[in-house]
There are 2 protein chains.
Amino acid sequence: MKPAVRRQPDRTRQMLLECAFEEILRSGFRGASLDAILESSGVTKGALYHHFGSKTALGYAVVDEVVRPWVEDAWRPVLDADDVVDAALKLCDELQRQRTEQALEYGCPFNNLINEMSPIDEGFRTRLQHILVDWHQGIIEGIRRGQRNGSVRDDLDPEAAAAFVISSVEGAVGLAKAQQSPQFYEAAVRGLHAYLESLRPPQRRRSRK
Amino acid sequence: MKPAVRRQPDRTRQMLLECAFEEILRSGFRGASLDAILESSGVTKGALYHHFGSKTALGYAVVDEVVRPWVEDAWRPVLDADDVVDAALKLCDELQRQRTEQALEYGCPFNNLINEMSPIDEGFRTRLQHILVDWHQGIIEGIRRGQRNGSVRDDLDPEAAAAFVISSVEGAVGLAKAQQSPQFYEAAVRGLHAYLESLRPPQRRRSRK
DNA sequence: CTCTGAACATACCGCGTAGTATGTGCCGCG
DNA sequence: CGCGGCACATACTACGCGGTATGTTCAGAG
């Protein structure tokens with residue numbers, strides 16, 4: 001009657017991380033109920049405290065092993081593309097298309113955690129900071145490469161532009177939570193789209209195509 | 001021995017609102033402890049529940065009577081100025097200067113509440129939504145006026161640009177909480193500054209001065 | 001002067017929570 | 001074959017929290 005295979009510590013741990021991620025996305029970290037995580041994951045409290053020493057430790061693990069890859073997978077394609085603006089616009093359209101989902105209701109897990117936990121817990125703050133710094137640095141590198149291969153204007157401060165773009169994206173996703181219609185969010189993405197277009201060098205009509 | 005004047009219901013109520021605002025800024029709404037608010041305001045629990053039916057009612061009142069004016073006072077000057085871009089840049093520098101304060105640690109009360117409460121409480125969501133819609137509409141009007149009097153480019157989607165700017169500001173303030181240095185925040189504001197400059201019409205060198 | 005009710009003050013309650021103490025089964029090693 | 005310890009499972013505890021019940025005081029109407 002019991003599950004065919006038990007004693008799968010890796011799988012149990014992974015289940016906990018994923019279900020905790022979902023619950024934290026819905027309720028925030030402090031609002032996340034361990035009982036809810038246990039119920040959705042089908043794990044008992046004993047198992048949880050065997051794998052993680054505390055709720056905080058579980059939260060840290062979620063940041064390190066779920067949130068971080070989740071964020072990096074999002075912006076990594078931009079860095080790999082040869083035309084940064086094209087790649088960014090593509091990602092921008094992606095944001096527009098995925099808007100019907102939970103994203104508009106629950107926002108971005110990364111942004112949520114920064115807002116909730118950074119001021120009150122150093123462990124969260126430093127972890128989230130590193131994710132942000134890496135992201136920022138990645139975009140800066142992308143812009144520099146774009147400037148080198150002529151797909152981005154030369155007279156652009158890469159550090160400022162990168163921070164500005166990241167801020168606008170996270171800000172838009174955050175503010176969208178206050179709306180029940182995607183109107184504001186769509187407008188913000190349109191604004192971002194136009195801004196990204198303006199980053200192309202003026203002399204050249206198009207880089208190619 | 002007792003305070004010279006007691007029984008000042010208006011003052012008591014105001015004290016509660018202000019102290020609740022501070023506590024909510026520090027700990028979020030759910031994390032805000034009524035006991036902490038009572039201690040900092042010097043009011044007892046009986047008095048609190050005489051003025052407000054519940055913690056939620058207190059939170060709504062804080063949004064309506066503290067957060068809303070706080071937000072509107074910030075962007076109202078932009079609408080009143082004749083050159084929108086100048087006014088926006090001024091506000092932008094203001095953001096840069098006030099960065100040393102609590103702003104970087106605790107963020108924007110408005111943005112914080114949206115992120116925390118919108119997904120889980122309709123009462124908060126609708127109130128915050130109205131503040132955001134008014135803000136958005138205000139900036140749109142400002143841009144339109146700028147386009148009419150020649151201080152803003154004609155080929156600009158006011159709705160998109162307004163949402164984009166608001167998003168970037170709130171996003172920057174939110175993300176700044178993850179940093180202990182103002183580096184990222186300053187970069188984002190610099191990016192915003194450059195973007196605002198780009199909104200000026202190209203043909204005219206300067207509107208005046 | 002009296003008396004009513006607004007404006008508090010104090011003591012208490014119930015609930016959900018993170019965390020713990022202790023028990024159990026099973027796999028692998030010797 | 002025995003047995004130690006990993007991977008769980010269950011029952012319980014402590015505590016902070018929002019909320020309430022009840023008592024007290026004072027200002028003002030009549």
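Letters A, B, ... are given to chains in the order of the sequence lines, protein chains preceding strands, and every chain is numbered from 1. Keep in mind it's a predicted model, so treat the numbers as computed, not measured.
Scanning all heavy atoms of the two residues, the minimum distance from B:S41 to B:L16 falls at OG-CD2, 3.9 Å.
The nucleotide whose nearest atom lies closest to any side-chain atom of A:Y49 is, among D:dT20, C:dT10, C:dT20, C:dT20. When the nucleotides D:dG18, C:dA9, D:dA9 are ranked by their closest atom to the side chain of B:A47, C:dA9 comes out on top. Relative to the side chain of B:P9, the nucleotides C:dT10, C:dC8, C:dG19 differ in distance, and C:dC8 lies closest. Minimum atom distance to the side chain of A:K55 is reached by C:dG19, of the listed C:dG19, C:dC8, D:dG18. Set against D:dG19, C:dA18, C:dA7, the side chain of A:K45 has C:dA18 as its closest nucleotide.
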TODO: Verify side chain to side chain contact (heavy atoms under 4.5 Å, CB included) between A:D35 and A:K45, making sure each step is shown before the conclusion.
DONE: CA-CA 8 Å; A:D35 288 349; A:K45 194 163 270 193; 3.6 Å; yes
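Summarising the geometry, atom CD belonging to A:E122 is positioned 8.5 Å from atom CD belonging to A:Q129; distances are rounded to the nearest 0.5 Å. Here B:S151 contributes atom OG and B:L199 contributes atom CG; the two are 10.0 Å apart, rounded to the nearest 0.5 Å.
Within the 4.0 Å cut-off from OP1 or OP2 of D:dC8, not a single side-chain nitrogen or oxygen of A:H50 is found. For C:dC8, the OP1/OP2 oxygens have a side-chain nitrogen or oxygen of B:H51 closer than 4.0 Å.
Residues B:Q179 and A:R125 have side chains not in contact (no heavy-atom distance under 4.5 Å, counting atoms from C-beta outward).
Looking at residues 10-43 of chain B, you'll see B:T12 sit with a heavy atom under 4.0 Å from some atom of DNA chain C. The stretch residues 113-122 of chain A has no heavy atom under 4.0 Å from DNA chain C, so no residue of it qualifies as close.
Under the 30°/60° scheme for interplanar angles, the aromatic rings of B:F164 and B:Y195 are found to stand perpendicular.
Surrounding CD of B:Q183 are at most 12 heavy atoms belonging to other residues, nucleotides or ligands under 6.0 Å away.
Taking the six-membered ring wherever Trp is involved, the centroid distance between the rings of A:F124 and A:F29 falls below 6.0 Å.
Atoms CG (B:L58) and C1' (D:dC17) sit 15 Å apart, rounded to a whole Å. Counting to the nearest Å, the C1' atom of C:dG19 and the CZ atom of A:F52 are 16 Å from each other.
A:E39 is linked by a side-chain hydrogen bond (donor to acceptor under 3.5 Å, both in side chains) to nothing, counting only residues two or more places apart in sequence or in another chain.
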